[in-house]
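To keep things clear, I will list the structure first and then write my remarks on it.
Residue numbers run from 1 in the order of the sequence given. What you are looking at is a predicted structure, and each value in this text was computed from that prediction instead of being measured.
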Amino acid sequence: MDRFPVVSTWTWFHKPTRAYYRLQRDDEHGPPQEGRDRAFEELTTAMDTALSDEWVGYRMVEAALHHPPPEPEIQNAETRWTRTAVMVAQLKKAGVEGADEVRDVLPGWLTPMGMAVHGIVERIALQNGPCRVVIQRIKKKWGTLRISIRAEPGDLARDISTIARWAEACTVGRCAVSGQPGEVVGPGWMLTLSPEMERLRNIEP
């Protein structure tokens, strides 16, 4: 899934002292993905094995390396409904369960979501033998998109997860209304908004 590169970080924290080791992976450079996945799996497994129970490790996707363009300037409820309806139809045709969850994607994130849907459909078409893909939930959390999705078998699950993580990473710093650069703002629901959308929100909260 080299079309969906992200920068990921593995961090191991030493709980008593808060010291840490950090390993960063750039999905765009290095060996082909299969070899890259195997090398990093071996490295992270070795770290987990070598460190004592006082260490805790986790992975975080930090950013997408290639960001989609902002959303079209003219958007309304009808165009948003049409765009999500097209995505839902594509997913259902590919046999994806839970496709209607896509209807909850905010308008400023429809372009990366649409690219992810296209990638998921293409990847399913390449799968030999029976498979299953289920979108369990799509929501926003801490100002960014969250996609809960599972797939079978394992090779498909890995690639589908890569696409979903890329779409999530694309919404970091992306206005949930316009797709322009923005920042997470409050009060109330935490949303990523451009300065213009934040001003409008303050006028009509």
Between Cys131 and Leu156 the two heavy atoms that sit nearest each other are CB-CD2, 3.5 Å

For Thr45, does its backbone N or O pair with a side-chain atom of Thr49 as donor and acceptor, under 3.5 Å?
-> yes

Return yes if some donor-acceptor pair links the side-chain N/O of Thr79 with the main-chain N/O of Asn76 below 3.5 Å, else return no.
-> yes

For the residue pair Glu196 and Cys175, establish whether any side-chain heavy-atom pair is separated by less than 4.5 Å.
-> no

Got a donor-acceptor contact below 3.5 angstrom from the Thr171 side chain to the Glu168 backbone?
-> yes

Quick check: are there more than 12 heavy atoms from other residues, nucleotides or ligands sitting under 6.0 Å from NZ of Lys93?
-> no

Rounded to the nearest 0.5 Å, how far does OH of Tyr21 lie from CE of Met47?
-> 6.5 Å

What's the spacing between Leu43 CG and Leu23 CG if we round to 0.5 Å?
-> 5.5 Å

Steps toward side-chain contact (heavy atoms from CB on, under 4.5 Å) verdict (Asp159, Leu126) | CA-CA 11 Å; Asp159 291 343; Leu126 295 174; over 6 Å; no

Test side-chain contact (heavy atoms from CB on, under 4.5 Å) on Val177 and Leu106 and set out the steps.
-> CA-CA 7 Å; Val177 178; Leu106 295 174; over 6 Å; no

Where at least one partner belongs to residues 101-110, residue pairs that pass side chain to side chain donor-acceptor pair (under 3.5 Å), sequence neighbours excluded = Asp100-Arg103

Taking every non-hydrogen atom, the tightest pair across Ala99 and Lys92 = CB-CG, 3.7 Å

In terms of hydrophobic clustering (I, L, V, M, F, W, Y; side-chain heavy atoms under 4.5 Å; direct or indirect links), are Val134 and Ile138 co-clustered?
-> no

Could you go step by step and tell me if Thr17 and Glu54 meet the side-chain contact (heavy atoms from CB on, under 4.5 Å) rule?
-> CA-CA 9 Å; Thr17 65; Glu54 292 183 339; over 6 Å; no

Indicate, with yes or no, if Met113 and Val86 share a hydrophobic cluster defined by side-chain heavy-atom contacts under 4.5 Å among Ile, Leu, Val, Met, Phe, Trp and Tyr.
-> no

Sidechain-backbone polar pair: Thr111 side chain, Gly108 backbone, donor-acceptor under 3.5 Å = no

Could you tell me whether a side-chain N or O of Arg174 sits under 3.5 Å from a main-chain N or O of Pro68, the two making a donor and an acceptor?
-> yes

Is there a donor-acceptor pair under 3.5 Å between the side chain of Thr84 and the backbone N or O of Val102?
-> no

Option from Ile147, Ile120, Ile149 for which side chain to side chain contact (heavy atoms under 4.5 Å, CB included) with Ile163 holds | Ile120

At their closest point, which heavy atom of Asp53 faces which heavy atom of Lys15, and how far apart are they?
-> O-NZ, 3.4 Å

Backbone N/O of Arg150 and side chain of Arg132: donor-acceptor pair under 3.5 Å = no

Using the ring of each side chain (for Trp, its six-membered ring), is Trp55 parallel, tilted or perpendicular to His14, with breaks at 30° and 60°?
-> tilted

Shortest non-hydrogen contact between Ile124 and Ala94, atoms and distance = CG2-O, 3.8 Å

Are a donor atom and an acceptor atom from the side chains of Arg146 and Ser148 found within less than 3.5 Å of each other?
-> no

What distance separates Met87 CE from Thr82 OG1, expressed to the nearest 0.5 Å?
-> 11.0 Å

Got a sec: does the CD of Glu122 have more than 12 other heavy atoms crowding it under 6.0 Å?
-> yes

Work out which heavy atom in Ala151 is nearest to a heavy atom in Ile160; give both atom names and the distance.
-> CB-CG1, 4.2 Å

Going by heavy atoms in the side chains, are Glu198 and Leu191 under 4.5 Å from each other?
-> no

Heavy atoms only: give me the nearest Pro112-Cys170 pair and the separation to one decimal.
-> CB-CB, 3.8 Å

Flag yes if Trp81 and Val88 sit in one hydrophobic cluster, no otherwise; membership is Ile, Leu, Val, Met, Phe, Trp, Tyr, and two members link when side-chain heavy atoms are under 4.5 Å apart.
-> no

